[in-house]
Amino acid sequence: MRNLTETNLTDAVLAKLESAPNLRFRQVMSSVITHLHACIREVELTEAEWFAAIQFLTAVGKKCDDKRQEFILLSDTLGASMLVDAMNHRTPAGATESTVLGPFHVPGAPALTNGANVASGFPGEPALFSGHVLTMEGNPIAGAQLDVWQADAEGLYDVQRSNLNGRQLRGKVHTNEQGKFWFWTVRPTAYPVPTDGPVGQILLNMGRHPYRPAHIHAIVTASGYEPVTTHVFAEGDQYLDSDAVFGVKDSLVVKFARHEPGAAPDGTVMKQPYFTVAYDFGLPAAKA
Ligand code: BEZ
Ligand code: FE
């Protein structure tokens with residue numbers, strides 16, 4: 001294995017994988033090496049470009065900490081997250097479709113009772129989110145958990161505000177015996193994915209905007225059923241057709257209906273205009 005050239009170098013590197021004990025790892029690495037070399041050949045990569053790529057990946061790594069995951073953001077904005085998602089969640093018709101997790105989910109969100117407000121004290125117009133968690137046959141699933149999180153009306157998640165302690169704008173609600181859940185929040189707004197790091201720079205270089213359409217995240221789980229990681233998106237948002245992370249699906253777009261002050265459906269008397277949004281989640285039975 002000497003005197004390797006641009007024609008036989010790829011085969012020499014691939015041959016080195018033959019002693020890898022894990023067959024799946026060998027398959028994945030073989031594909032990575034094949035495509036990486038093919039890309040370098042296809043574009044006739046210069047040394048300066050290769051060094052710029054290394055600097056970029058170094059900057060992505062340096063931007064990561066316990067609150068910021070720039071590699072997830074990179075995967076999301078390149079469509080890799082949604083491709084992995086699509087291939088791993090070929091859900092049956094009627095099941096709630098999945099979409100990207102994103103970097104702002106935080107484990108250990110507070111438990112909330114139905115009717116609680118996840119956005120108390122945050123800027124935004126009040127919104128009552130209600131719905132059911134149902135089986136594929138349309139039967140209610142009692143005790144299903146919705147782990148929800150969202151940005152406020154200024155487009156910021158709790159973890160993006162340095163003055164906040166603890167978990168806010170997020171919580172876990174459970175369905176009642178009728179499979180119903182409801183909670184108060186604020187109407188979400190469109191917001192840009194973080195652009196103050198290297199991923200923001202390549203979005204700019206690609207001539208792309210960084211915006212996501214307004215949405216509320218949910219991970220819905222129930223014992224005996226397949227979980228789903230998803231969003232509900234606000235109907236009419238200007239970015240539904242150009243989401244920076246390619247996550248929008250028609251089945252997830254819902255109307256935030258505006259109401260004048262008065263009694264809301266859960267009995268709360270509202271002194272200001274408010275919105276209601278309703279969505280039923282469908283979970284398929286767990287795979288055996
Ligand atoms: C989000 O919706 O929270 C999100 C998803 C992908 C990248 C950035 C943010
Ligand atoms: Fe989000």
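Throughout, residue positions are numbered sequentially from 1 according to the sequence presented. Every number for a ligand or one of its atoms is a count from 1 in the order of the listing. In what follows, every heavy atom counts, from backbone to side chain, and hydrogens, waters and symmetry copies are set aside.
- Among the atoms of H231, no N, O or S atom is found under 2.8 Å from the Fe ion (ligand 2).
- The backbone N or O of F71 lies less than 3.5 Å from no partner atom in the side chain of S75, so there is not a single donor-acceptor pair.
- The atom name of the N/O/S atom in H217 closest to the Fe ion (ligand 2) is NE2.
- Ring orientation note: the planes of F104 and Y157 are close to parallel, at an angle under 30° on the 30°/60° scale.
- By the 30° and 60° cut-offs, the orientation of the rings of Y211 relative to H209 is tilted.
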For a side-chain hydrogen bond (donor to acceptor under 3.5 Å, both in side chains) check, start with the C-alpha distance between N114 and H174, then their side-chain angles and the critical distance, and finish with the verdict.
CA-CA 7 Å; N114 276 308; H174 292 85; over 6 Å; no
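- Residue H105 places no heavy atom under 4.0 Å from ligand 1.
- Coordination check, Y157 versus the Fe ion (ligand 2): passed, since an N/O/S atom of the residue sits under 2.8 Å.
- Listed by number with element, the atoms of ligand 1 under 4.0 angstrom from any heavy atom of R212 are 1 (C), 2 (O), 4 (C), 5 (C).
- Q150 and T185 share a donor-acceptor pair across their side chains, judged by distance under 3.5 Å alone.
- Contact atoms of ligand 1 toward L73: 7 (C), 8 (C) (distance under 4.0 Å to a heavy atom of the residue).
- Centred on the Fe ion (ligand 2), the NE2 atom of H215 and the OH atom of Y191 lie at an angle of 100°, reported to 10°.
- Ring geometry, H231 versus H215: the interplanar angle falls under 30°, so the pair is classed parallel (tilted spans 30 to 60°).
- Remark: among candidates G102, P188, P103, P194, the nearest residue to atom 9 (C) of ligand 1 is P103, based on non-hydrogen atoms.
- With respect to atom 3 (O) of ligand 1, the closest heavy atom belonging to the protein is Y191 OH, 2.8 Å.
- Close approach to H217 involves these atoms of ligand 1, each under 4.0 Å from a residue heavy atom: 1 (C), 2 (O), 3 (O).
- Counting protein heavy atoms only, atom 7 (C) of ligand 1 is closest to D76 OD2, 3.3 Å.
- Side chains of V193 and R212 form a contact here, defined as non-hydrogen atoms less than 4.5 Å apart.
- When each atom of ligand 1 is checked for a heavy atom of Y157 under 4.0 Å away, the hits are 1 (C), 2 (O), 3 (O).
- The closest side-chain heavy-atom distance from L252 to V232 is not below 4.5 Å.
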